[in-house]
Peer 1: 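Structure provided below as structure tokens; questions to follow.
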Amino acid sequence: MNTLLRIDSSLRTEGSYSRTLGDYFIRQWQTKNPEGIMIERDVTRKLMPHITQETVDAFFSEIPDSENIELSDELINELYQCNEILITCPMYNYGIPSSLKAYFDLVIRTKKTFAGSSIPKGLLANKKAYIISSMGGISTETLNPLENHLTQLLSLMGITEISYFPLDGTVDQSRTGEKILIQQSEILKQLNAYATDTTSH
Ligand SMILES: Cc1cc2nc3c(=O)[nH]c(=O)nc-3n(C[C@H](O)[C@H](O)[C@H](O)COP(=O)(O)O)c2cc1C
């Protein structure tokens, strides 16, 4: 049975392009996985705390003692429970939302999600990730800055199978309808491809 972890990060709970495309993804995923389990983590509704020196010390300690450790354990547990991850992510000031960065600071943790130091090895194997990104401006890069950053963060934990659904130029609403349709079609293609891939094993 498939388990999907959905992580949302737009500060908009109404009218958000990334969340709306995320909702579409979920509807399609549920059609393909009627018995599937979904875990939701909204890093805007419940803002993630920043890590501190105390948190990092606790990450390396045999007897962790920090208020952030319990949350870190809970978030990492969600990552281990799922085999698919959907991240919806808007661009804020050229980067990912600060609460989403704080989320990754809490889950990228030695001996829990990666091992080694000079050449880290990710410990979260066999997981598939989907990234829905949105930005007001236009990106001409193969991977936009949000996708690049999230790919690095996920890869560090061993998640390297990633599909991307970018929505750029959201400031020009006359083009967004067309762009949404394109990404909806990409979502269907990727979900079909992944379903075929997992049933063929
Ligand atoms: C605080 C803030 C900062 C933003 N910074 C950028 C930016 O640096 N580059 C950009 O292209 N768009 C920027 N935008 C526009 C958003 O990326 C755009 O509105 C996007 O559609 C937001 O995602 P959402 O529709 O899922 O909420 C910014 C928006 C906000 C609210």
Side-chain angles (χ1 to χ4, degrees), residues 3-33 36 38-51 71 75 78-79 82 84-108 127-157 159 161-191 194:
T3 300
L4 176 80
L5 169 62
R6 173 181 183 165
I7 303 169
D8 287 303
S9 60
S10 171
L11 56 82
R12 295 202 285 189
T13 50
E14 298 285 327
S16 153
Y17 290 106
S18 59
R19 282 180 191 269
T20 305
L21 195 55
D23 292 342
Y24 175 84
F25 180 102
I26 295 299
R27 286 195 298 278
Q28 300 308 320
W29 187 87
Q30 284 175 327
T31 306
K32 297 200 181 315
N33 299 275
M38 205 175 82
I39 304 168
E40 292 181 81
R41 179 57 66 174
D42 190 323
V43 298
T44 298
R45 285 202 177 106
K46 182 181 190 297
L47 286 173
M48 293 289 119
H50 282 187
I51 54 169
L71 177 60
L75 299 173
E78 287 175 356
L79 282 168
C82 74
E84 294 180 69
I85 303 164
L86 167 68
I87 301 174
T88 71
C89 175
M91 176 178 279
Y92 294 149
N93 300 319
Y94 299 103
I96 66 174
S98 55
S99 189
L100 186 58
K101 175 61 166 54
Y103 168 88
F104 278 102
D105 290 341
L106 286 164
V107 297
I108 296 179
K127 296 189 194 294
K128 163 91 183 161
Y130 306 91
I131 297 173
I132 292 176
S133 61
S134 57
M135 65 177 77
I138 300 284
S139 171
T140 53
E141 306 298 317
T142 311
L143 289 188
N144 67 45
L146 305 173
E147 294 168 335
N148 254 322
H149 192 183
L150 291 171
T151 298
Q152 285 177 312
L153 297 169
L154 291 169
S155 300
L156 182 53
M157 297 189 288
I159 303 166
E161 200 186 339
I162 306 173
S163 296
Y164 305 92
F165 310 105
L167 273 177
D168 69 358
T170 60
V171 73
D172 177 5
Q173 290 182 3
S174 69
R175 301 282 315 279
T176 45
E178 180 193 335
K179 290 180 179 187
I180 289 167
L181 285 178
I182 292 169
Q183 292 311 326
Q184 286 180 341
S185 155
E186 287 302 315
I187 285 171
L188 281 179
K189 264 192 239 164
Q190 286 298 324
L191 285 178
Y194 187 60

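FYI, side chains are in, hydrogens and waters are out, and symmetry mates aren't considered; it's all heavy atoms of this structure. The structure presented is a predicted model; accordingly, all values stated were derived computationally and were not measured. In each ligand, atom 1 is the first atom listed, and ligand 1 is the first ligand listed.
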Peer 1: Quick one: nearest non-hydrogen protein atom to atom 8 (O) of ligand 1, plus distance?
Peer 2: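 Here the nearest protein heavy atom works out to Tyr94 N, 2.8 Å.
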Peer 1: Any idea which protein heavy atom is nearest atom 22 (C) of ligand 1, and the distance to it?
Peer 2: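 The answer is Pro90 CB, 3.6 Å.
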Peer 1: Go through ligand 1 atom by atom and flag the ones less than 4.0 Å from a non-hydrogen atom of Ser134.
Peer 2: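 Reading through ligand 1 atom by atom, the close ones are 17 (O), 20 (C), 21 (O), 22 (C), 23 (O), 24 (P), 26 (O).
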Peer 1: Answer whether the closest heavy-atom distance between the side chains of Ile26 and Glu40 falls below 4.5 Å.
Peer 2: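 A side-chain contact is absent here, since even the closest heavy-atom pair is not under 4.5 Å.
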Peer 1: Using the side-chain contact (heavy atoms from CB on, under 4.5 Å) rule, pick out the option among Cys89, Pro90, Pro97 that qualifies with Ser10.
Peer 2: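 Testing Ser10 for a side-chain contact (heavy atoms from CB on, under 4.5 Å) against Cys89, Pro90, Pro97 leaves exactly one candidate, Pro90.
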Peer 1: Within a distance under 4.0 Å of any heavy atom of Gly137, pick out the atoms of ligand 1 and give their elements.
Peer 2: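 It comes down to these atoms of ligand 1: 10 (C), 11 (O).
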Peer 1: Using a plain distance cutoff, I'd like to know if Thr170 has any nitrogen or oxygen under 3.5 Å from a nitrogen or oxygen of ligand 1.
Peer 2: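 Yes: some nitrogen or oxygen of Thr170 is under 3.5 Å from one in ligand 1.
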Peer 1: Quick test: of every protein heavy atom, which one is nearest to atom 26 (O) of ligand 1, and how far off is it to 0.1 Å?
Peer 2: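 Minimum-distance protein heavy atom for atom 26 (O) of ligand 1 reads Ser18 OG, 2.6 Å.
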Peer 1: Using a strict 4.0 Å cut-off to heavy atoms of Gly136, name the atoms of ligand 1 that fall inside it.
Peer 2: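 Selected atoms, number and element: 10 (C), 11 (O), 12 (N), 15 (C), 16 (C), 17 (O), 18 (C).
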Peer 1: Would you tell me which option among Arg12, Met91, Met135 has the nearest heavy-atom contact to atom 6 (C) of ligand 1?
Peer 2: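 Ranked by closest heavy atom to atom 6 (C) of ligand 1, first place is Met91.
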Peer 1: Taking side chain as C-beta onward, heavy atoms only, is Tyr24 less than 4.5 Å from Leu188?
Peer 2: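 Counting from C-beta outward, Tyr24 and Leu188 do come under 4.5 Å.
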Peer 1: So, is Tyr92 polar-close to ligand 1, with some N/O to N/O distance under 3.5 Å?
Peer 2: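 It does not: no N or O of Tyr92 is found under 3.5 Å from an N or O of ligand 1.
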Peer 1: Regarding atom 5 (N) of ligand 1: of the candidates Asp8, Asn93, Leu21, which has the closest heavy atom?
Peer 2: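 Heavy atom nearest to atom 5 (N) of ligand 1 belongs to Asn93.
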Peer 1: For ligand 1, is any non-hydrogen atom under 4.0 Å from Ser10's backbone (N, CA, C, O), its side chain (CB onward), both, or neither?
Peer 2: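 The part of Ser10 near ligand 1 is the side chain, not the backbone.
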Peer 1: Quick one: sort the Phe165 and Tyr130 rings into parallel, tilted or perpendicular, breaks at 30° and 60°.
Peer 2: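 Parallel: the ring planes of Phe165 and Tyr130 meet at under 30°.
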Peer 1: Return yes if some donor-acceptor pair links the side-chain N/O of Ser99 with the main-chain N/O of Met48 below 3.5 Å, else return no.
Peer 2: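 Yes, Ser99 side chain to Met48 backbone: donor-acceptor pair under 3.5 Å.
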Peer 1: In plain terms, say whether Arg27 and Asp23 are close enough for a salt bridge, that is, a side-chain N and a carboxylate O under 4.0 Å apart.
Peer 2: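 Salt bridge flag = no for Asp23 with Arg27.
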Peer 1: Do the charged groups of Arg19 and Asp42 touch, with an N to O distance under 4.0 Å?
Peer 2: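 Yes.
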